[in-house]
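What follows is one structure encoded as structure tokens, with my remarks underneath.
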Amino acid sequence: MFKYDAVVVGSGHAGCEAALALARLGNSTLLLTLNLDSIAFMACNPSIGGTAKGHLVREIDALGGEMGLNADETLLQIKMLNIGKGPAVHSLRAQSDKNEYHQRMKRVLENTPNLTILQGEAVEILTQNGKLSGIKTAMGDEIFCRACVFATGVYLDSRIIIGEYTKQSGPAGFQNAHGLTNALIDLGLEIRRFKTGTPPRIDKRTVDFNLLEPQYGDDGCTPFSFMTDFIDVVQMPCYITYTNKKTHEIIRNNIHRSPLFGGVIKGVGPRYCPSIEDKVMRFSDKERHQLFLEPEGRYSGEIYVQGLSSSLPIEVQREILNSIEGLKHASIMRYAYAIEYDCINPLELTPSLQAKKIEGAFFAGQINGSSGYEEAAAQGIIAGINASNYLNNKEPLILKRNEAYIGVLIDDLVTKGTNEPYRMMTARAEYRLRLRQDNADWRLTETGRKAGLVSDARYERYLKKEEHLEEIKKKILKNAPMTEGLKELFAKRGENVPLNGITFKELLKRTDLTFNDINALFDDFTIYKKDELEAIQVLTKYEGYIDKQNALIAQAAKLEEKKLPENIVYNDISGLRLEARQKLDKVKPLTIGQASRISGVSPADIAVLIVYLQTINKNCN
């Protein structure tokens, strides 16, 4: 028999962040994992970040999480995506050394006070008086605790599918989890069946890189973590190639053998990351699809073929691969596969990620119907913080949609739910100009400090940066000396020289002028770091748009301030439509704002709720 304050079930990206948060906040914590070798394992692509996902990593870092540091320490290449677009969608993406990523995170966990790691399988959930009281393992261990974070990833009753071949297994040959699904059903949770997939890994010695398009990383790129000063590694290239008409013909000729189209696969797959056979059949007018070849490690011979996810039979996979430019002689080291797994309906959760039906049970990651390492880690750190807050009788941390992409992610899951693996995208955030990755520290460091995860060293560094930003804001209000160099710059950019002088701020507001131009002429700002100058540059150039967005945020906040009683009986509120009553009763929103985002609840229903609130408040007074 063991006794801990908290247990975390699962050691993927969600489980690691949850366990670290709990332990760092002073709670005795057990991390229970099916296999020690699967800790922070990258079962899919060997990369961290990407569009919107890079925002999540920066936010996890600002709160005091580990993913950004781990990515910086183990990267093979780093690149800023979408630099041709506005700053709201700029996103970091790093290729990671898959084994190093796992090993470093394992070392961090092993050296964290208050944290114990145990290899074992949870099969039973213990409860007492409607509260979680512990778990039981397949080998008979009883582990008592007052809070548990379930972060089981894609392991719940999972099976691998390749053509006619199926196997009860977790990803990459790791064992799957039996028994826990039934334990969740016994608690009254709704279980769903989702599916995801992965492409083949090929032997780099058999690839003709001369026929491929190299893709290099960025020199001097900003790291993920606020605590990383600079990136100092020899970066490795990735490569691009494309499918072709022959590839598509092979797929069409064998589509009857696809378990996806033949009905063998029952789980719902990710719409935004379909298999190659799905893409070919759905987008029949496209002559080619891009493939991105990523190294799995600095000393590994495996290459990940992103864009070629499949569950077709192995001989068809080989034929497809050898039809592609540069891959004519490519040899497969690991076959592509689809994986089905159980997950819960996230509408079963409160915004703190605690189950509505059982106190002390928190859920994070793909068990909540999301996809992706970053989405999992973001839920993991919040679940860990809130499990700690629950243990210590503190209010839960609930990030708003205007505060963080993490807030958007969790609100979408617990308010709207999802019928397919949920993926974070910039388009999901209505306030994305405010939720930029460059200002994640400004948005969330104070929150992380209040939660107890931001260290003194990190906080001191943050305060120093804030001091510098204030200095720069004041300095840009001064007039720029009208030197010959500045006049030449105006002429070069086809602009008239101002007759009455110009401030540095007015210079920055001009579309084509940046701090790089100013620093080439004057030394007023050369003492500041690149990221500090870029932050002020964005604020200056987009000042009007940001002000408008802040006004919308203030307006929406009024609805978020209107709290709904926990014991409200929606069936008793006359004027609400039947669908609205059912949806509101299912979600049990905390505020009018959350209620307004529930699918099936109309503006008219919200008006009824507001009148109802006014009535009960009046009666209370």
Side-chain angles (χ1 to χ4, degrees), residues 51-63 80-92 222 224 226 378 399-409 411-412 424-448 462-463 465-478 480 502-519 525 528-561 593 597:
T51 302
K53 294 169 177 280
H55 292 67
L56 290 173
V57 181
R58 280 283 182 83
E59 291 177 354
I60 294 164
D61 183 71
L63 289 170
M80 188 71 77
L81 305 183
N82 303 323
I83 55 174
K85 300 178 181 178
V89 295
H90 292 179
S91 298
L92 272 178
T222 304
F224 276 113
F226 187 61
L399 295 175
K400 300 184 182 70
R401 297 181 71 90
N402 59 39
E403 292 177 321
Y405 269 82
I406 297 176
V408 175
L409 163 66
D411 184 64
D412 277 354
M424 193 70 246
M425 296 179 291
T426 54
R428 296 191 191 273
E430 57 268 49
Y431 306 118
R432 56 185 175 273
L433 187 53
R434 179 186 171 93
L435 306 183
R436 306 182 311 278
Q437 64 165 19
D438 68 84
N439 69 358
D441 298 298
W442 170 78
R443 289 186 281 114
L444 294 174
T445 298
E446 291 287 359
T447 301
Y462 162 74
L463 292 177
K465 179 179 178 180
E466 287 299 294
E467 183 183 316
H468 286 174
L469 294 180
E470 290 304 314
E471 287 178 8
I472 298 168
K473 285 179 184 178
K474 290 177 182 177
K475 282 188 177 183
I476 63 173
L477 298 177
K478 297 178 181 179
I502 190 169
T503 64
F504 288 112
K505 183 174 182 177
E506 288 168 334
L507 278 175
L508 287 173
K509 279 186 172 290
R510 305 215 171 189
T511 305
D512 295 329
L513 295 183
T514 67
F515 266 118
N516 288 336
D517 298 311
I518 291 172
N519 283 342
F525 304 96
Y528 299 107
K529 293 181 180 179
K530 177 184 174 184
D531 64 308
E532 294 170 344
L533 295 177
E534 286 179 347
I536 299 302
Q537 185 170 289
V538 170
L539 285 175
T540 303
K541 287 188 179 296
Y542 293 87
E543 186 176 37
Y545 296 104
I546 293 172
D547 287 345
K548 288 179 182 178
Q549 199 154 95
N550 287 338
L552 290 173
I553 290 170
Q555 186 178 350
K558 294 176 182 177
L559 291 179
E560 299 298 336
E561 292 168 1
R597 295 188 292 274

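If you read the sequence from its start, that first residue is 1, and numbering goes on from there.
- The 12-atom threshold is exceeded at CG of L552, counting heavy atoms of other residues, nucleotides or ligands nearer than 6.0 Å.
- Every residue meeting the side-chain hydrogen bond (donor to acceptor under 3.5 Å, both in side chains) condition with N82, not counting sequence neighbours, appears here in chain and number order: T51.
- Take R443 and apply the salt bridge (Lys or Arg N to Asp or Glu O under 4.0 Å) test, not counting sequence neighbours, and it matches E59.
- Within the 3.5 Å criterion, the main-chain N or O of P87 finds no donor-acceptor partner in the side chain of R436.
- Screening T503, V538, L513, I476 for a side-chain contact (heavy atoms from CB on, under 4.5 Å) involving L508 leaves a single residue, I476.
- Among residues two or more places apart in sequence or in another chain, the salt bridge (Lys or Arg N to Asp or Glu O under 4.0 Å) test is passed with K465 by D531.
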Task: Step-by-step side chain to side chain contact (heavy atoms under 4.5 Å, CB included) determination, K475 to Y528 - done: CA-CA 12 Å; K475 282 188 177 183; Y528 299 107; 3.3 Å; yes
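- Atom OG1 in T445 sits 6.0 Å away from atom CZ in F226 (nearest 0.5 Å).
- Listed by chain and residue number, E495 satisfy the salt bridge (Lys or Arg N to Asp or Glu O under 4.0 Å) test with R510 (two or more places apart in sequence, or in another chain).
- In this structure, the side chain of D517 engages the main chain of T514 through a donor-acceptor pair within 3.5 Å.
- Partners of E543 under the salt bridge (Lys or Arg N to Asp or Glu O under 4.0 Å) rule, at least two apart in sequence or in another chain, are K505, K509.
- Taking each heavy atom of Q549 and L433 in turn, the nearest pair found is OE1-N, 3.2 Å.
- Exactly one of R428, K400, R597 qualifies for a salt bridge (charged side-chain N to carboxylate O under 4.0 Å, His left out) with D411. That residue is R597.
- Under the side-chain contact (heavy atoms from CB on, under 4.5 Å) criterion, L399 pairs with L63, I382, L397, E403, A404, I406, L444, T447, sequence neighbours left out.
- Side-chain N or O atoms of H55 include none that pairs as donor or acceptor with a backbone N or O of A440 at under 3.5 Å.
- Atom CG of L539 and atom CD1 of I546 lie 5.0 Å apart (nearest 0.5 Å).
- The structure places CZ of R58 at 13.0 Å from OH of Y405, a figure rounded to the nearest 0.5 Å.
- From E471, atom CD reaches atom CD of E532 across 9.0 Å, with rounding to the nearest 0.5 Å.
- Judged purely by atom type and a 3.5 angstrom limit, E534 has no side-chain atom pairing as donor or acceptor with the backbone of D438.
- The two residues Y542 and G86 have their closest heavy-atom pair at OH-CA, 4.1 Å.
- L477 contributes atom CG, which lies 9.5 Å from atom CD of E506 (distance to the nearest 0.5 angstrom).
- Taken from NE2 in H468 to CZ in F525, the straight-line distance is 13.5 Å, to the nearest 0.5 Å.
- The existence of a salt bridge linking D412 and R401 is confirmed by a sub-4.0 Å separation between a basic side-chain nitrogen and an acidic carboxylate oxygen.
- Heavy atoms only, all atoms of each residue included: A52 and S91 are closest at N-OG, 3.3 Å.
- Comment: K473 engages E470 in a salt bridge, judged by a side-chain N to carboxylate O separation of less than 4.0 angstrom.
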- [ ] Show your reasoning for whether side chain to side chain contact (heavy atoms under 4.5 Å, CB included) applies to M424 and V408.
- [x] CA-CA 9 Å; M424 193 70 246; V408 175; 3.8 Å; yes
